[in-house]
Protein chains: 2
Amino acid sequence: MTQMIDDTGARSPGRPRNFDMAEAVDRAVLVFRERGYQSASIDIISRGTGLTAGSLYKAFKDKKAIFAAAFARYQAQRLAAIAERLADAESGRARIAALLDLYLDAASGAEGERGCLVVASLAEASGLDADQRAALAAAIGANEARLRDLLRQGQADGSVRADLDVAAAADVLLALLQGIRLLGKLRPPRNRAGFIAAALKILD
Amino acid sequence: MTQMIDDTGARSPGRPRNFDMAEAVDRAVLVFRERGYQSASIDIISRGTGLTAGSLYKAFKDKKAIFAAAFARYQAQRLAAIAERLADAESGRARIAALLDLYLDAASGAEGERGCLVVASLAEASGLDADQRAALAAAIGANEARLRDLLRQGQADGSVRADLDVAAAADVLLALLQGIRLLGKLRPPRNRAGFIAAALKILD
DNA sequence: GATATTAAGAAACGATCATTTCCTAATCAA
DNA sequence: TTGATTAGGAAATGATCGTTTCTTAATATC
């Protein structure tokens with residue numbers, strides 16, 4: 001992006017950017033995770049990304065566009081982290097345990113205090129516009145669909161009770177995962193192993 | 001409060017208030033629940049309470065004082081609602097089921113969209129000052145202590161597994177309850193009965 | 001009545017909000 | 001080298017932020 005090279009290797013006309021767009025979005029993610037959309041002022045985003053307000057408005061249409069880019073980027077990061085963490089798990093139950101472990105990890109320490117962008121967006125949902133709410137609903141829907149999928153995998157491999165109400169269990173797990181991240185903004189989770197063991201009873 | 005009558009029945013000197021303080025705080029609670037602390041401007045609080053900014057600053061030191069009063073009021077309201085809802089339940093398990101039902105109720109419809117003040121505060125915890133965070137931590141701590149108490153009651157009456165890890169189960173339930181309210185800002189919970197049944201497996 | 005005290009409410013305060021404007025700098029094609 | 005085009009960045013814009021000030025109104029005591 002720095003040199004604005006397109007598919008053919010030709011440069012765009014005009015002065016090239018001297019910052020990396022992807023890097024700027026990554027830094028904007030950190031700002032929005034900590035403060036949410038409404039409380040993240042352009043000035044704070046400017047300091048967080050290292051770009052002046054003018055440069056931000058050259059690169060993005062407006063504050064909503066910065067947020068939309070950050071939201072999409074955050075989702076991609078989470079998806080990758082989840083895929084990596086679940087890769088080694090060999091049953092549906094083990095994958096759900098790994099997912100719980102990942103969320104407890106993310107809710108701990110500095111990462112926990114920084115918070116989850118989805119959680120921040122949910123909390124200020126009434127202050128978001130239709131597009132932002134739609135993106136949020138899509139993220140939540142995907143999360144729930146994944147939980148249902150993992151539960152069905154567990155039923156198929158015998159690690160989850162066969163007559164489990166999958167939709168209901170997925171709803172509970174979804175609320176639990178979001179609650180973990182929400183509480184992590186105030187304090188880290190304690191007794192991770194015990195927590196996971198208690199939560200996995202939902203699968204029995 | 002309207003007539004500023006003190007313990008002896010004598011009035012305070014000066015012009016009396018022509019609004020009810022408790023009522024004003026009740027209305028401020030609604031504003032903060034919907035928008036959180038930082039996004040609730042004095043102008044919005046003014047419209048929400050029906051008081052001018054000047055009157056608000058006569059009655060409260062500053063915006064933080066309005067929030068502190070609203071937070072305390074909200075906790076009292078919740079405590080009363082919980083006490084009422086649990087009164088008829090005859091076992092620890094039934095009380096936890098009733099608590100889940102209460103939260104699912106509160107997460108539904110207009111009440112759900114309006115949101116929970118504790119959840120809103122958790123989400124913007126990094127933007128709150130030490131006093132506000134302390135009040136928040138106290139609220140969460142009380143919530144967790146109540147869950148542990150209910151679990152122990154269940155163990156005593158046989159409705160909760162005797163060798164349950166009470167602390168861990170309470171942590172899971174706490175995260176679950178907050179997650180329910182958080183998700184309620186975007187969409188109401190579905191299949192309440194199934195949800196409660198799935199969640200109660202934590203007690204087994 | 002007169003005086004003291006407090007509330008109500010409009011207006012003003014400086015700070016910060018998101019956004020735009022404007023000028024300079026750096027690259028392209030010619 | 002010359003224009004066209006875009007980025008960088010400081011400064012200005014009007015709106016809104018939390019808070020204060022000021023004038024007027026309503027109550028107390030004397």
Side-chain angles (χ1 to χ4, degrees), chain A residues 1-25 27-28 31-32 35-70 124 127-129 132, chain B residues 1-25 27-28 31-32 35-70 124 127-129 132:
Chain A
M1 270 314 202
T2 301
Q3 294 184 292
M4 290 306 265
I5 313 225
D6 69 13
D7 296 350
T8 67
R11 285 191 177 190
S12 308
R15 177 176 175 173
R17 288 214 174 93
N18 69 355
F19 67 89
D20 186 76
M21 270 292 262
E23 201 174 312
V25 173
R27 291 188 178 149
V31 174
F32 285 122
R35 319 183 66 116
Y37 171 71
Q38 309 195 77
S39 293
S41 72
I42 293 291
D43 191 59
I44 290 171
I45 297 167
S46 175
R47 279 196 280 266
T49 55
L51 306 179
T52 62
S55 288
L56 283 170
Y57 277 88
K58 281 271 162 55
F60 302 93
K61 179 179 172 288
D62 54 19
K63 188 182 162 186
K64 281 179 184 172
I66 308 175
F67 181 76
E124 60 179 344
L128 303 181
D129 71 14
Q132 292 170 321
Chain B
M1 269 314 205
T2 302
Q3 295 185 290
M4 291 303 268
I5 314 227
D6 69 14
D7 297 350
T8 67
R11 285 190 177 192
S12 307
R15 177 175 174 174
R17 289 214 173 91
N18 69 356
F19 67 88
D20 186 76
M21 269 293 260
E23 202 174 311
V25 173
R27 291 188 177 147
V31 175
F32 285 121
R35 316 184 68 114
Y37 172 70
Q38 310 196 76
S39 293
S41 72
I42 294 292
D43 191 58
I44 290 169
I45 298 168
S46 173
R47 279 196 280 265
T49 56
L51 306 178
T52 62
S55 289
L56 284 171
Y57 276 88
K58 280 273 161 52
F60 301 94
K61 180 179 171 288
D62 53 21
K63 188 182 163 186
K64 281 179 183 172
I66 308 175
F67 181 75
E124 60 180 343
L128 303 180
D129 71 12
Q132 292 169 321

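Labels below follow one simple rule: chain letters A, B, ... track the order of the sequence lines, proteins then strands, and each chain is numbered from 1. Bear in mind the structure is a predicted one, so any value in this text is a computation, not a measurement.
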Handout entry: Shortest non-hydrogen separation from A:D20 to A:E23 and the atoms involved
Key = OD2-N, 2.9 Å
Practice task
Rounded off to whole Å, could you give me the CG-to-P distance for the A:D43 and D:dA10 pair?
Solution key: 12 Å
Could you list the donor-acceptor pairs under 3.5 angstrom formed between side-chain atoms of residues 45-56 of chain B and any protein atom two or more places apart in sequence or on another chain?
residue: B:S46; atom: OG; partner: B:L51; partner atom: O; Å: 2.5
residue: B:R47; atom: NH1; partner: B:D43; partner atom: OD2; Å: 3.1
residue: B:R47; atom: NH2; partner: B:D43; partner atom: OD2; Å: 2.6
residue: B:T49; atom: OG1; partner: B:I45; partner atom: O; Å: 2.8
residue: B:T49; atom: OG1; partner: B:S46; partner atom: O; Å: 3.3
residue: B:T49; atom: OG1; partner: B:L51; partner atom: N; Å: 3.3
residue: B:T52; atom: OG1; partner: B:S55; partner atom: N; Å: 3.3
residue: B:T52; atom: OG1; partner: B:S55; partner atom: OG; Å: 3.3

Handout entry: Among C:dA18, D:dG9, C:dA8, the one nearest B:S55 by side-chain distance
Key = C:dA8
Exercise for the section: Identify, with sequence neighbours excluded, every residue that meets ring-ring contact (aromatic ring centres under 6.0 Å, His included) alongside A:F67. Expected result: A:F32, A:Y37, A:F71
Exercise for the section: List in numerical order all residues of residues 56-67 of chain B for which some heavy atom is under 4.0 Å away from an atom belonging to DNA chain D. Expected result: B:Y57, B:D62, B:K63
Problem - Under 4.0 angstrom between A:N18 side-chain N/O and C:dA26 OP1 or OP2 - result: no
Exercise for the section: Mind listing the closest non-hydrogen atom pair of B:S39 and A:S39 along with its distance? Expected result: OG-OG, 4.3 Å
Practice task
Starting from P on D:dT16, measure out to CD1 on A:I42 and report it in whole angstrom.
Solution key: 17 Å
Problem - A:S41 vs C:dC17: side-chain N/O to OP1/OP2 distance below 4.0 Å - result: yes
Completion exercise
Minimal heavy-atom distance between B:A59 and B:R17, with the atoms involved, is CA-NH2, 3.5 Å
Practice task
Any side-chain hydrogen bond (donor to acceptor under 3.5 Å, both in side chains) involving residues 58-68 of chain B? Give me the pairs, sequence neighbours left out, ordered by first then second residue.
Solution key: B:K64-B:D129
Exercise for the section: Send over the distance from B:R35 CZ to D:dG18 C1', rounded to a whole Å. Expected result: 15 Å
Completion exercise
Within residues 45-53 of chain A, the residues having a heavy atom closer than 4.0 Å to DNA chain D are A:T52
Problem - Between C1' of C:dA7 and CZ of B:F19, the distance in whole Å - result: 8 Å
Problem - Any residue meeting ring-ring contact (aromatic ring centres under 6.0 Å, His included) with A:Y57, in chain and number order, not counting sequence neighbours - result: none
Exercise for the section: Round to the nearest Å and state the distance from A:R15 atom CZ to D:dA7 atom C1'. Expected result: 5 Å
